[in-house]
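We name chains A, B, ... by the order of the sequence lines, and we start the count at 1 in each one. Please read these numbers as outputs of a predicted model, since none were measured by experiment.
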Protein chains: 2
Amino acid sequence: MFYTVGEIAKKLNIPPSTLRYYDKEGLLPFVERSSGGIRMFSDKDFESLSVIECLKKAGMSIKDIRLFMEWCAQGDATISDRLSLFRRQREQVLSQIRQLEETLEILDYKEWYYETALQAGTCAIHENTDPQKIPKRFQNIQRRLHHPPSQDP
Amino acid sequence: MFYTVGEIAKKLNIPPSTLRYYDKEGLLPFVERSSGGIRMFSDKDFESLSVIECLKKAGMSIKDIRLFMEWCAQGDATISDRLSLFRRQREQVLSQIRQLEETLEILDYKEWYYETALQAGTCAIHENTDPQKIPKRFQNIQRRLHHPPSQDP
DNA sequence: ATACAACTTAAAGTCAGCTTTAAGTCAAGA
DNA sequence: TCTTGACTTAAAGCTGACTTTAAGTTGTAT
């Protein structure tokens, strides 16, 4: 069973122009063509496209994904390259998650900050406040916001 | 105590050109100027810059951050706007984290896939494999990779 | 056979978020 | 006072990831 670019684009919920762009950039060396030059995507191409989507979500550039697809096309000689790529990307994603969790803590603090300001009717409630009256889980964050990690010796 | 753009840039570990760009885009309405027109950053500007950094990490655009800074400059009348902004951004970051965790599962599966292929010396080991022999935690992922969620009725 | 929607390409356009360049100004030390 | 390094602006340039356009081709339905 084959699909045209428009059909598979609908299934993946992305614009056909994006798939054509990926093809032009060498991300889709596996797509076949009809005698007239029309792209023919097969069912097994789904998996490759899903992996591309995964690598994009992991933050990889088009260029690096192309390299990976080239490795795939080269066969078993590149297995260890591909393995270390996935290990690297896994670490990358873990550190992105950690980063977002730090960001989340600051957002939580700011939510609390504006909830209390809203109750008080003014942000002035947070001026000259006894640090002890800030909820414990926000004390570190508040301190870091006020004195960001210094860069010098 | 005041800092020039170069000094504060070094402390924040970002290029001075970026700070000038942010200023031009209206993100830094709070910076004062010397009589000669030189930007003078104060210690209390650290907090604003840290919040900008946080919002950037949360995925907000320059444009939306400018809007927030304008609200800050407008005072207590905009507290509830700012509160709902932080609530929205918090949800946003949570869903980014969930997204990355899904991505992580796929990367884990691929790591296992290539580890076993490396041991076997070939990716062919994964062809026509009994689904029961795939570790349980990967069975759903493998199925989803092969048959992505359909878009049609 | 013809119409017509969906395909094809190359090339240009768009957008965000900076970065670089050019020409000039400021301010601290010798 | 002069030099010098860091500052100023406006404007142009860059990168990545698409998107749009224009001109033409394919293939299915009538």
Without decimals, in angstroms, what is the distance between A:Met40 CE and C:dA6 C1'? 16 Å

Do we get A:Lys24 above A:Tyr21's six-membered ring, with its NZ or CZ under 6.0 Å from the centre and within 45° of the axis? no

May I ask you to evaluate whether A:Arg39 reaches the phosphate of C:dC7, defined as a side-chain N or O under 4.0 Å from OP1 or OP2? no

Sorted by chain and number, sequence neighbours left out, side-chain hydrogen bond (donor to acceptor under 3.5 Å, both in side chains) with A:Arg39 holds for A:Asp23

Strictly distance-based, threshold 3.5 Å: is any side-chain N or O of A:Thr78 a donor or acceptor partner for the main-chain N or O of A:Asp81? no

Check for me whether the distance between the ring centres of B:Tyr109 and A:Phe86 falls short of 6.0 Å. no

Rounded off to whole Å, could you give me the CG-to-P distance for the A:Leu27 and D:dA17 pair? 10 Å

B:Leu19 atom CG is separated from D:dT9 atom C1', nearest whole Å, by 16 Å

Rounded distance (Å) that lies between atom P of D:dC7 and atom OH of B:Tyr3: 15 Å

Working to the nearest 0.5 angstrom, can you tell me the gap between B:Ile141 CD1 and A:Ser50 OG? 12.5 Å

Rounded to whole Å, please give me the gap between CG in A:Asp23 and P in D:dA17. 17 Å

Look at the side-chain N and O atoms of B:Arg33 and state whether any lies under 4.0 Å from the OP1 or OP2 oxygen of D:dT9. yes

Closest heavy-atom contact between B:Gly6 and B:Pro16? CA-CG, 4.4 Å

If I take atom CD in residue B:Glu32 and atom P in nucleotide D:dC7, what distance separates them, rounded to the nearest angstrom? 18 Å

Readout for nucleotides 13-30 of chain C: B = base within 4.0 Å of protein heavy atom, S = sugar-phosphate only, - = neither; 5' to 3' it is ----BBBB-----SS---

Return yes if some donor-acceptor pair links the side-chain N/O of B:Gln139 with the main-chain N/O of B:Pro131 below 3.5 Å, else return no. yes

Atom CD of A:Glu53 to atom P of D:dA17: distance rounded to whole Å? 16 Å

What is the separation between atom CD on B:Glu25 and atom C1' on D:dT9, rounded to the nearest whole Å? 14 Å

Does a side-chain N or O of B:Arg20 approach OP1 or OP2 of D:dT8 to a distance below 4.0 Å, or not? yes

